[in-house]
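Report on one structure; see the data block that follows.
Everything numeric in this text was worked out from a predicted model, so none of it was measured.
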Amino acid sequence: MIPSSSDLSYFLEVANLSNLSRAAETLGISQPSLTLAMQRLENAVGTAILIRHKNGVSLTKAGKQLLIHVRSLLQKWDSIKSETLASVHEVQGSFTIGCHPSVALYSLPRFLHELLEKYPKLEIKLKHNSSRKVTEQVINLSIDIGIVVNPVKHPDLVIKKIDDDKVTLWRGAGKHDIQDIHSERALFICDPDLMQTQAILGKLKKLGVNHTRLLTTNNLEVIVELTASGCGIGILPSHIAQNKNLIKIPKAPFYDDEVYLLYHGSNRDIKAIQVIANAIKDAF
């Protein structure tokens, strides 16, 4: 059994005064309560720590050894409490922000430099994964704040919308047949596993565009670079495509995305979480 900090503090006062009655009076508790506390401490240590005599108490050899450690332990506990409270009430400590790599490219530069400049005791770690994986990691507390696209609602999460985006068709400079949506040689560069891609390909078929030759990759940055180089028509979110000055194909089908900020509800009162969340919201 691990003794409580109260019992250790009581022991320290008994050792200082060498008298249970005076120690109880100083601590503001009854003598029977103090006696029980000392008995709990002896049971926890496994040996006697006090010698009771007519004029008060004195420490056994084990008690003297315990006293050395108790002073150090209580100082350490005070330090732990101070640091713990500081993590709640002050903007300091280490926090992890999670988002898709492509989302990171257009979102993080909007706020991160000012945030880190303003709060020198704040340490930020970045994790990159799909929005679904980031959401799961926020739920299990391995990520503190997520910037995600179209998250699924969860009772443990605080979810706040920060932006809209639109997935549609884009091309680079040039007039090649593979860049022409109406050409039989049109080539669509996309991530086929994304629901946005499947929705747009379905809309293209309804519009009579059945010659959907695909160049597939699961990396949006690769799609951007290939589209910019003239390899075909990229199916991309607007935020990502606009960073590369790609040309939006007029009257093309689209899919509406929503970008959200989310964090675990148990962290809502932590000052640093509030500051980081506000910085992200203000940036959008």
Exercise for the section: Supply the members, apart from I181, of the Ile/Leu/Val/Met/Phe/Trp/Tyr cluster built from side-chain contacts under 4.5 Å; use none for a lone residue. Expected result: V167, L169, F188, M195, I200, L201, L204, V209, L214, I233, I235, I249, Y255

Problem - Check: D256 and D164 side chains under 4.5 Å, non-hydrogen atoms - result: no

Practice task
Might you confirm whether atom CZ of R185 has over 12 heavy atoms from other residues, nucleotides or ligands at distances under 6.0 Å?
Solution key: no

Fill in the blank from the handout: On a heavy-atom basis, the closest approach of T216 and P192 is CB-CD, 3.7 Å

Problem - Sub-4.5 Å side-chain heavy-atom contact between V134 and I143 - result: yes

Practice task
Consider only side-chain heavy atoms of I, L, V, M, F, W and Y, link residues closer than 4.5 Å, and tell whether Y260 and L105 are in one cluster.
Solution key: no

Handout entry: Non-hydrogen atoms of F284 and R110 that approach each other most closely
Key = CD2-NH1, 3.2 Å

Problem - Candidate pair T47 and E42, rule side-chain contact (heavy atoms from CB on, under 4.5 Å), full reasoning - result: CA-CA 6 Å; T47 189; E42 287 180 327; over 6 Å; no

Exercise for the section: Would you indicate whether the side-chain heavy atoms of F11 and L59 approach each other to under 4.5 Å? Expected result: yes

Practice task
For residues L126 and L108, determine if any side-chain heavy atom of one lies less than 4.5 Å from a side-chain heavy atom of the other.
Solution key: yes

Exercise for the section: Hey, could you give me the CG/CG distance between L50 and L41, rounded to the nearest 0.5 Å? Expected result: 8.0 Å

Problem - Inter-residue atom distance L73.CG - R71.CZ, 0.5 Å rounding - result: 13.0 Å

Handout entry: Over 12 foreign heavy atoms within 6.0 Å of NZ, K244
Key = no

Exercise for the section: List for me each residue that meets salt bridge (Lys or Arg N to Asp or Glu O under 4.0 Å) alongside R132, sequence neighbours excluded, and say none if there are none. Expected result: E136

Problem - Heavy-atom check, side chain of D163 versus side chain of E258, under 4.5 Å - result: no

Practice task
Take atom CD of Q31 as the centre, draw a 6.0 Å sphere, and report whether it contains more than 12 heavy atoms from other residues, nucleotides or ligands.
Solution key: yes

Practice task
Applying side-chain contact (heavy atoms from CB on, under 4.5 Å) between V14 and each of I49, N19, T26, V57, report the one that passes.
Solution key: V57

Handout entry: Same cluster (ILVMFWY, side-chain, under 4.5 Å), L34 and V45
Key = yes

Exercise for the section: Return yes if a side-chain donor-acceptor contact under 3.5 Å exists between H69 and Q65, otherwise no. Expected result: yes

Handout entry: Single-linkage hydrophobic cluster V148~I145, side-chain heavy atoms < 4.5 angstrom
Key = no

Exercise for the section: Decide yes or no for V138 and P151: does some side-chain heavy atom of the first lie under 4.5 Å from some side-chain heavy atom of the second? Expected result: no

Problem - S131 versus V149, closest heavy-atom pair with distance - result: OG-N, 2.9 Å

Exercise for the section: Show your reasoning for whether side-chain contact (heavy atoms from CB on, under 4.5 Å) applies to L261 and V158. Expected result: CA-CA 8 Å; L261 160 75; V158 176; over 6 Å; no

Exercise for the section: Report yes or no: does H100 contribute a side-chain atom to a donor-acceptor pair with the main-chain N or O of S102 at less than 3.5 Å? Expected result: yes

Exercise for the section: For Q179 and G172, indicate whether the former's side chain and the latter's backbone hold a donor-acceptor pair under 3.5 Å. Expected result: yes

Practice task
Check the pair E117 / L115 against side-chain contact (heavy atoms from CB on, under 4.5 Å), numbers first and verdict last.
Solution key: CA-CA 5 Å; E117 177 74 22; L115 183 70; over 6 Å; no

Practice task
Compute whether any side-chain donor of one residue and acceptor of the other, for Q196 and D257, lie under 3.5 angstrom apart.
Solution key: yes

Completion exercise
Distance col, row S94:OG vs D144:CG, nearest 0.5 angstrom, shows 7.5 Å

Practice task
Kindly work out whether a path of hydrophobic side-chain contacts (I/L/V/M/F/W/Y, heavy atoms less than 4.5 Å apart) joins L27 to L17.
Solution key: no

Fill in the blank from the handout: Here the gap from L187 atom CG to R171 atom CZ, rounded to the nearest 0.5 Å, amounts to 15.0 Å

Handout entry: R268 to Y263, cation-pi by 6.0 Å centre distance and 45° axis angle
Key = no

Exercise for the section: Might you confirm whether atom NZ of K203 has over 12 heavy atoms from other residues, nucleotides or ligands at distances under 6.0 Å? Expected result: yes

Completion exercise
Shortest non-hydrogen pair, I178 vs G230, comes out as CD1-O, 3.5 Å

Problem - D193 and N218: side chain donor to acceptor below 3.5 Å - result: no

Exercise for the section: Taking D165 for its side chain and H239 for its backbone only, find out whether a donor-acceptor pair lies under 3.5 Å. Expected result: yes

Exercise for the section: Using a strict 4.0 Å threshold on nitrogen-to-oxygen distance, state whether K271 and E90 make a salt bridge. Expected result: no

Handout entry: For D156, salt bridge (Lys or Arg N to Asp or Glu O under 4.0 Å) partners two or more places apart
Key = none

Practice task
Taking N219 for its side chain and V222 for its backbone only, find out whether a donor-acceptor pair lies under 3.5 Å.
Solution key: yes

Practice task
Report the C-alpha separation of I189 and C231 in whole Å, then their side-chain angles, then the decisive distance to 0.1 Å, and conclude whether the side-chain contact (heavy atoms from CB on, under 4.5 Å) test is met.
Solution key: CA-CA 8 Å; I189 312 168; C231 281; 3.9 Å; yes

Handout entry: Ion pair check, R213 and E184, cut-off under 4.0 Å
Key = no

Problem - Backbone of P3 reached by a side-chain donor or acceptor of D7 within 3.5 Å - result: no

Exercise for the section: Please round to the nearest 0.5 Å and tell me the distance separating atom CG of L262 and atom NE2 of H264. Expected result: 11.0 Å

Handout entry: Nearest-0.5 Å distance that lies between atom NZ in K127 and atom CD1 in I97
Key = 13.0 Å

Handout entry: Closest non-hydrogen atom pair between W170 and S238, with its separation
Key = CZ2-OG, 3.5 Å

Problem - Contact check, side chains of V224 and I240, non-hydrogen atoms, under 4.5 Å - result: yes

Handout entry: Heavy-atom check, side chain of D282 versus side chain of F111, under 4.5 Å
Key = no

Practice task
Without swapping roles, check the side chain of T60 against the backbone of A48 for a donor-acceptor pair under 3.5 Å.
Solution key: yes

Handout entry: Closest heavy-atom pair and its distance - I147, S107
Key = CD1-OG, 4.0 Å

Practice task
Could you verify whether a donor N or O on one side chain and an acceptor N or O on the other, from S33 and S30, lie under 3.5 Å apart?
Solution key: yes

Problem - ILVMFWY network linking M38 to L74, side-chain heavy atoms under 4.5 angstrom - result: yes

